[in-house]
Protein chains: 2
Amino acid sequence: MTEIKTRDRILDATADLLRRKGYNGTGLKEIVKASEAPLGSIYHHFPGGKEELGAEAIRIAGRTYNALIQAFFESATDPALTTQAFFDGAAEVLRVTDYEDACPIATVALEVASTSEPMRAASGDVFESWITDLCADFEALGMDPSKTVDVAIELLMLIEGAFLLCRAWKDTTPMEIAGRAAVEAVRAALDRVSGCAGSR
Amino acid sequence: MTEIKTRDRILDATADLLRRKGYNGTGLKEIVKASEAPLGSIYHHFPGGKEELGAEAIRIAGRTYNALIQAFFESATDPALTTQAFFDGAAEVLRVTDYEDACPIATVALEVASTSEPMRAASGDVFESWITDLCADFEALGMDPSKTVDVAIELLMLIEGAFLLCRAWKDTTPMEIAGRAAVEAVRAALDRVSGCAGSR
DNA sequence: GTCTATAGAAGGATAGAC
DNA sequence: GTCTATCCTTCTATAGAC
């Protein structure tokens, strides 16, 4: 009973710290302090140590952010307008949080890509789950199923690249450029008639 | 005389380690070992310690990668073809290096964005220098000067987002999608007549 | 299952001989 | 300017009391 709560507190605190300080920048002591749990509990609930805890925290963070994405796209009516709103929202969050609150797993994903196979796999799974759900949304909105994957991936690459540049520059201009490009990509994929809107 | 060589060895080793293991994942002891320099020399040449060394190493790595970008675009004739070749090259390097060799500063940039102002500034300067030089190339290739910045930034966001997904998935599909999108963006900006190639 | 104490290694940084 | 020895902190991980 209390077990589940302690475990969840540890996971939540870890997910939050990983987003803000990355994997190598987050110590177990810090996690222990933030979650108000004893150090021993971490190794009780996550026998694999920091790596196992980190991998699971990434998946938690991934589900949380997926819920945000779905809040925009799941019940959307106008895909282009929704895409614009999503990128506008991301820019607003960056400004409000002084460019701290961006993608919850991007920093960690890059850190562990070549150093921890379980964590790389976890980050890969999270990105894949975002794409899968986005594809379902796009298809429900009338997009040709053969085009959804490419559009969803392009959208994700644009926002991740924008997060990186916006944070490095402390400026949301890249997010605005990314938003316009994403809207164009969504519009182009929705046009039933290829005609002159195509790729020339 | 020997001073310059030691300093450069330290910087080169640091740039290499930062690219592969990130900022928090790279220790000074490791840098000392890789550069075959005594620990004291680091603090002699970089009184600001790890932060000052890291900032300077980022700028070095940025110049090196800029040279690679310019090798493609500086003397290009067909911008779209060159863009395609650049993204194809990035994909090839990822495959050959088992997805280890991507952007030399992206991991560090995300790690330090909210934790070290000097290093954030260094990463921002590097990205800016890439954009500036790319804009000059695009303009020389006949692109409308009012469009170069947006296209260059979109191109950079696409490749950075692609690096992230490719590494997390160990798959170059995202880079191929990014390449197609980048080529489209370059082509669209080069079309003198707006006509039907425009934004619908 | 909770929690404390501590081991053992690695982290950044400094002092001072040469 | 080069290099070594060392300090203090923080890291992950483990042992074992409760």
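The model shown is predicted, which means the values in this text are computed figures rather than measured ones. Note on naming: letters A, B, ... go to the chains in the order of the sequence lines (proteins, then strands), and numbering restarts at 1 for each one.
For the segment residues 21-38 of chain A, residues with any heavy atom less than 4.0 angstrom from an atom of DNA chain C are, sorted by number, A/Pro38. Annotation: proximity of residues 105-113 of chain A to DNA chain C (heavy atom, distance under 4.0 Å) is found for no residue. Using a 4.0 Å cutoff on non-hydrogen atoms, the parts of residues 48-62 of chain B near DNA chain C are B/Gly49, B/Lys50, ordered by number.
Residues meeting the ring-ring contact (aromatic ring centres under 6.0 Å, His included) test with A/Phe86, sequence neighbours left out: A/Phe72, A/Phe73.
Between the side chains of B/Glu139 and B/Thr148, no donor-acceptor pair of N or O atoms lies under 3.5 Å. Side-chain polar atoms of B/Ser114 and A/Arg167 form a donor-acceptor pair below 3.5 angstrom.
In this structure, B/Asn24 CG and B/Thr107 OG1 are separated by 11.5 Å, a value rounded to the nearest 0.5 Å. Taken from CE in A/Met143 to CG in A/Asp191, the straight-line distance is 10.0 Å, to the nearest 0.5 Å.
At the phosphate of D/dG1, neither OP1 nor OP2 sits under 4.0 Å from any side-chain N or O atom of B/Thr6. OP1 or OP2 of D/dT2 sits under 4.0 Å from a side-chain N or O of B/His45.
One interatomic measurement links the two molecules: CZ of A/Phe46 to P of D/dT14, which rounds to 16 Å at whole-angstrom precision. Protein atom CG of A/Leu39 is 19 Å distant from nucleotide atom P of D/dC18, rounded to whole Å. Atom NE2 of B/His44 and atom P of D/dT4 are 16 Å apart (whole Å). Rounded to whole Å, the distance from OH on B/Tyr43 to P on C/dG16 is 17 Å.
Proximity of a side-chain donor or acceptor of A/Arg20 to a complementary backbone N or O of A/Glu100 within less than 3.5 Å is not detected. Judged by distance alone, the side chain of B/Arg120 and the main-chain N or O of A/Ala168 form a donor-acceptor pair under 3.5 Å.
By the rule that hydrophobic residues join a cluster once side-chain heavy atoms approach within less than 4.5 Å of another member, B/Ile153 and B/Val183 end up as members of separate clusters.
The aromatic rings of B/Phe127 and A/Trp169 stand perpendicular to each other, their planes meeting at an angle above 60°, with 30° marking the opposite boundary.
Think of B/Leu141 as one node in a network of Ile, Leu, Val, Met, Phe, Trp and Tyr side chains linked at under 4.5 Å; it has no links at all. A/Leu17 belongs to a hydrophobic cluster whose other members, connected by ILVMFWY side-chain contacts under 4.5 Å either directly or through intermediates, are A/Ile10, A/Leu11, A/Leu28, A/Ile31, A/Val32, A/Leu39, A/Ile42, A/Tyr43, A/Phe46, A/Leu53, A/Ile60.
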